[in-house]
**Q** 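My structure is below; once you've seen it, I'll send some questions.
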Number of protein chains: 2
Amino acid sequence: MDLEAVRTFLAVLESGRFGQAADELSITQQAVSKRVAALEKELGVRLLTRTAHGAEATIDGQAFLPHARALLHAEARAIASVRPGSRALRVDVIGRRLAPAALLRTFHRSHPEIELDVVTLFDADAAVAALRSGTIDASFRAVTMPGRHLPEDIGALPVLDEPIELLTGPAHALASARAVTPARLAGHRIWVPGIVSGTEWAAYYADLAAEFGLTIEVTGPDFGTEPLLDTVADSPELATFVGAGTRLVWPEAHDLRRIPVHGPTPVYPHSLLWSLDNPHPGLLALREHLAAAGTEPSDAAALSGASGTPTASATSATSGPDIWTPSWARQRTRRPAL
Amino acid sequence: MDLEAVRTFLAVLESGRFGQAADELSITQQAVSKRVAALEKELGVRLLTRTAHGAEATIDGQAFLPHARALLHAEARAIASVRPGSRALRVDVIGRRLAPAALLRTFHRSHPEIELDVVTLFDADAAVAALRSGTIDASFRAVTMPGRHLPEDIGALPVLDEPIELLTGPAHALASARAVTPARLAGHRIWVPGIVSGTEWAAYYADLAAEFGLTIEVTGPDFGTEPLLDTVADSPELATFVGAGTRLVWPEAHDLRRIPVHGPTPVYPHSLLWSLDNPHPGLLALREHLAAAGTEPSDAAALSGASGTPTASATSATSGPDIWTPSWARQRTRRPAL
DNA sequence: CCTGCCCCACAACCCGTGGTTGTGGCCTGC
DNA sequence: GCAGGCCACAACCACGGGTTGTGGGGCAGG
């Protein structure tokens, strides 16, 4: 479908005349006629009735009208999403099925007026570079990278220590456990596809495996969540890790189990990074939202009870001292003023 | 923006290779390259990074990605809205700012899976013809037309008697009245723009004016709700009629008043008409929704309290006997089984 | 390290879509 | 009945977007 034809259709309807629409679009009346005729031919229905006074919408044209507007709005938003300056707030998340993504959804709900685009960068180095160049506005990362610390012009706000939970099918040996220790996972196969080597997420799982003698397979491409859940649901030996802050849904028949891991609780320390120079108005709102969400217990409760299988891990882990993080993520950083 | 280019961009991202996308789209690899390059040139940013292994999204490409999908979804819905057979449920309303439009909104909220298109036909004759031809699926109309009655293959369901309210600015002589009788409106100028002569809505106001000696000006084109409200808010003598079921919002400064009209209460008797042959699955859901909404007091309350200026007219009018309708709308019709 | 392969971009060419001008038919209102 | 709008059809033309052919650049394997 030709968006110019759609735009022309709207122009004709709003002015009521082909010729007037032509003037607005700076083309000839004949071109307007051709465009509308082509659109009608493509759709197979008549959109406008031509009278001696001009044109008005047929029933099909009336039904098409709001969709035509929606189409052009979508086009405008798509263009705006990549326009430098005054574009949507662009936030980098380490993964789509971790707490930051869920937090962004709640942020979007409470601030629907702020356009939001979510991207995923390769690693923290790329994120910091993108923050400094203004390509992105904020990034959820672990505060410290291996062997280095943040530049001075990057702000950081600790947001959430997200516990890792085990996700198994009903036939798994640990399916009925109320909780497991990391040490008990030794020998079990844990499959976490879609982890790109070299990223901090890969480093996290490598450290976790080394610390407790786990077998974590990060091989294989990520075909999406559904195939992963299908595989885990059917397998008696394969399990996977999910963040406690994820909002997973699966078919009833899968009968999956989310099992908290305690003693110690492996957590991933999400922080928000941003450039101190960035003037984007949505950025302040995001930081305020996260600061509030981090302290309000209601949000933490909503987080842990995500998929209908309530767990107490999220709250207990952040309050309890017995947590585990990789060495390179252990030291906390300054917490700047908002 | 060329939707084919957007589609090509998505194909490249999903397959990861220009050549593979070319195969899927049945064009050459060079054409894919050209399309993406043209899109990038139009947007002014690079969307894909080309590597020896294929292509992957840049940050801008990632941000653009969901908008690209939304664009194509909007296109698909637009096409589906006019495709004969299996198209969205298409409902005719007599006006956008009357109770039926509000009822359709509540219906859409409770059945978001049912695609809905709203149109406005010229008059009841056109509506019945469109119902019988399958061009529309349902129509909110007054049951009886002047001098005729419904064909046998058209079903009818009385939905709501909607009281008419007076809308005035703060300087109007009746601005402080808690309620007025129709007779008291004689001599006041009442302006209802956008009424097309020959329609049943025009006949309704003509009958109302004749019955009580009112001055109702239905002249002039409809420039939309905002100009009407602007005019009424500033005028000490001009008022307008609105349906009690409308959900009007206006700027705080306007300080408009919705004044119930009682003694008798002019109501418009909305019924739903549909073709008994129509198999559209959404139609049954709509009829059930309306049947439930007509009996549940919660909906009636939500209706009358629409714009933040609570009125008791909707409920009292439907329960009280002292209502007025035009002679041609007075007799009730059969109420068929759902 | 060189070579071959794979993948994408550039160049030249060519057809068809979509613009223009010119004109005619139809309805309406004076 | 005639004049004035308004839209559709026809002929023409230009350029966008397709094709084929070719070149450059990065990995991988010998």
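Chain letters run A, B, ... following the sequence lines, proteins first, then strands; residues in each count from 1. Note that the coordinates shown come from a computational prediction; the quantities given were computed from them, not determined experimentally.
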**Q** Once you round it to whole Å, what is the distance between C1' of C:dC27 and CZ of A:F18?
**A**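 My rounded result for the distance is 15 Å.
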**Q** Which of parallel (below 30°), tilted (30 to 60°) and perpendicular (above 60°) describes A:Y204 and A:W201?
**A**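 Taking A:W201 first and then A:Y204, their aromatic rings lie parallel (interplane angle under 30°).
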**Q** In whole Å, I'd like the distance from the CZ atom of A:R46 to the C1' atom of D:dA8.
**A**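 Nearest whole value for this atom pair: 10 Å.
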**Q** Determine whether a donor-acceptor pair (N or O, by modelled atom type, separation under 3.5 Å) exists between the side chain of B:R96 and the backbone of B:V118.
**A**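 Yes; judged by distance alone, with no hydrogens or angles, the pair exists.
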**Q** Parallel, tilted or perpendicular: which one describes the rings of B:F64 and B:F9, with boundaries at 30° and 60°?
**A**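 Judged by the thresholds at 30° and 60°, the geometry between B:F64 and B:F9 is perpendicular.
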**Q** Going by heavy atoms in the side chains, are A:L228 and A:W191 under 4.5 Å from each other?
**A**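 A:L228 reaches A:W191 side chain to side chain.
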**Q** Let me know the distance between CG of A:D23 and C1' of D:dC6, rounded to the nearest Å.
**A**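 Taking atom C1' of D:dC6 as the reference, CG of A:D23 is at 13 Å.
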**Q** Which residue pairs satisfy the side chain to side chain donor-acceptor pair (under 3.5 Å) criterion with at least one member in residues 52-66 of chain A, sequence neighbours excluded?
**A**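 Residue pairs with at least one partner in residues 52-66 of chain A: A:D60-B:R90.
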**Q** Any side-chain N or O of A:S33 less than 4.0 Å from the OP1 or OP2 oxygen of D:dA8?
**A**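 The answer is yes; a side-chain N or O of A:S33 sits under 4.0 Å from OP1 or OP2.
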**Q** Can you check each nucleotide of nucleotides 10-30 of chain D against protein heavy atoms at under 4.0 Å and return B for base, S for sugar-phosphate only, - for none, in 5' to 3' order?
**A** -B------BBBBB--------
**Q** For D:dC7, take OP1 and OP2 only and decide whether either is under 4.0 Å from a side-chain N or O of A:R50.
**A**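 No, no such contact exists.
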**Q** For a quick test of reading the model, state the closest non-hydrogen atom pair linking A:V32 to A:F18 and the distance between them.
**A**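 Looks like CG1-CD2, 3.8 Å.
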**Q** Could you state the CG-P distance from A:L48 to D:dC6, rounded to the nearest angstrom?
**A**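 One finds 16 Å between P of D:dC6 and CG of A:L48, rounded.
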**Q** Roughly, in whole Å, what's the span from NZ in B:K41 to P in C:dA9?
**A**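 The distance from NZ of B:K41 to P of C:dA9 comes to 15 Å, rounded to the nearest Å.
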